[in-house]
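The structure appears right after this line, and notes come after that.
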Amino acid sequence: MPEEITTWFLIGFDALLALTLLGVAWRLLAGGDLFRSVVLFIAFGLLLSLAWVRLSAPDVALAEAAIGAGVTGALLLVALGRLRRLENRFFRREGGNT
Amino acid sequence: MIRRRFTSPLVLLMSLTLAGLLIVVVLDLPPQPGLAAPVADAMDRSGVRHPVTAVLLNFRGYDTFLELAVLMLAVLSIWSLGLRDPIPARPVQGPVLHGTLRHLIPVAVVTGGYLVWVGSSDSGGAFQGGAVLGAAGVMLMLSLPREMPMPSALVQRLGLSLGAFAFLAVGTAGLLTGHGFMGYPPAWAYHLILGIELAASVSIALTLVLLFLGGRSRRVRHGR
């Protein structure tokens, strides 16, 4: 009996994980706010590394958590900060001309 | 918004058709035995005990070498775009971040080193270890965004190319000693792989920090 319960628990966990991944992916692509999308992307990477663990690929899971979620997230955040700074500079110049 | 009202059902229809076709194709795939059995047969000659590392660093070392070269080229092309501007982050007030980093960075260095070392027998390796080291470097940069001292241009360039060139040197030595390009003598394979992984993790960590900083620093000039 306990074995069967474990199996059902794992199936439920996998289904929940897959649905959450799809939901987070949808939210991060459909949302208009870039900062929110980056944060959701980091969350997506962490959930995806859990999915790799469930597929018994711990090597890929480690790489996904460290590079996919961590470093890519930091790179996207710093790129977003630079974009905002560029935008501000551009609009200030435009505002001065008109 | 009018355009959106007309296009989105069409996009939905096309996406669903594509998804359906993909599912049909995947369901029709014949069962493949995969490469697990040939890898398991050759494990005793690979020098390591973890099949993933054996494939990445030995059997398909050429691919991993090219990955390292791509990372190096990414930083070089960003450097060619222009000078680095300051990170869009204010210096953090208060002692919390600095105190935390003082404890966190040694832990990150030990964790990264462990991940590189454990790659020969279990999950881990140069990319994972390098990413942890790189994350520690990014945190360090964020704690002192204005006055972080950077190593000289020569040190930056050497560190950046260390992994790819160590791999290339070992691969060429394999060619000259008759083990084929990117081949190792089986007796030395473990030490060579560990050395390549250590060099690669340093390069990967430096690559990630330099990608985060973006642009070439004022100390790296063209033609010097």
Side-chain angles (χ1 to χ4, degrees), chain A residues 18-19 21-23 25-35 38-39 41-46 48-93, chain B residues 4 8 11 15 19 50-57 67 71 74-75 78 81-82 84-90 108 111-112 114-116 118-119 121-142 145 201 204-205 207-215:
Chain A
L19 284 177
L21 273 171
L22 284 175
W26 176 258
R27 291 294 295 275
L28 86 87
L29 287 174
D33 183 8
L34 283 179
F35 179 75
V38 172
V39 173
F41 177 82
I42 297 171
F44 180 80
L46 290 174
L48 191 60
S49 77
L50 261 185
W52 283 119
V53 170
R54 285 294 301 135
L55 290 168
S56 21
D59 292 80
V60 191
L62 267 176
E64 176 62 42
I67 299 177
V71 179
T72 316
L75 284 178
L76 287 174
L77 279 178
V78 79
L80 192 61
R82 290 206 161 99
L83 269 181
R84 290 216 169 123
R85 196 159 57 190
L86 274 178
E87 246 169 33
N88 285 341
R89 218 178 285 162
F90 181 71
F91 281 128
R92 216 174 293 146
R93 200 188 298 154
Chain B
R4 191 172 172 160
S8 53
V11 170
S15 314
H50 189 48
V52 174
T53 310
V55 170
L56 287 180
L57 268 297
E67 272 177 37
L71 279 180
V75 174
I78 287 178
L81 288 177
R84 172 179 308 159
D85 51 351
I87 309 173
R90 279 180 295 266
T111 311
Y114 172 74
L115 279 174
V116 175
V118 83
S121 56
D122 209 334
S123 300
F127 278 89
Q128 290 87 339
V132 171
L133 291 178
V138 168
M139 290 291 283
L140 200 61
M141 292 286 160
L142 280 175
S201 66
I204 290 165
T207 304
L208 297 174
V209 174
L210 290 173
L211 283 179
F212 183 78
L213 291 176

Could you tell me which non-hydrogen atom of A:Ile67 sits nearest to which non-hydrogen atom of B:Ala131, and how far apart they are?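 A:Ile67 and B:Ala131 have their closest heavy atoms at CG1-CB, 3.6 Å.
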
Proximity breakdown for B:Leu115 and chain A, heavy-atom pairs closer than 4.5 Å: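 Interface part for B:Leu115: side chain.
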
By side chain to side chain contact (heavy atoms under 4.5 Å, CB included), which residues pair with A:Phe44, not counting sequence neighbours?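 A:Phe44: side chain to side chain contact (heavy atoms under 4.5 Å, CB included) contacts with A:Leu21, A:Val24, A:Ala25, A:Leu28, A:Leu48.
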
Please determine whether the number of non-hydrogen atoms from other residues, nucleotides or ligands lying under 6.0 Å from atom CZ of A:Arg27 exceeds 12.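 It does not: A:Arg27 CZ has 12 such atoms or fewer within range.
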
Which atoms of A:Arg82 come close to chain B, meaning under 4.5 Å heavy atom to heavy atom: side chain ones, backbone ones, both, or neither?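 Looking at A:Arg82, backbone and side chain both touch chain B.
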
Go through the atoms of A:Val71 and report whether side chain, backbone, both or neither lie under 4.5 Å from a heavy atom of chain B.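 Just the side chain, heavy atoms under 4.5 Å.
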
Atom pair CZ (A:Phe41) and CG (A:Leu76), whose distance is rounded to the nearest 0.5 Å: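 It comes to 6.0 Å.
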
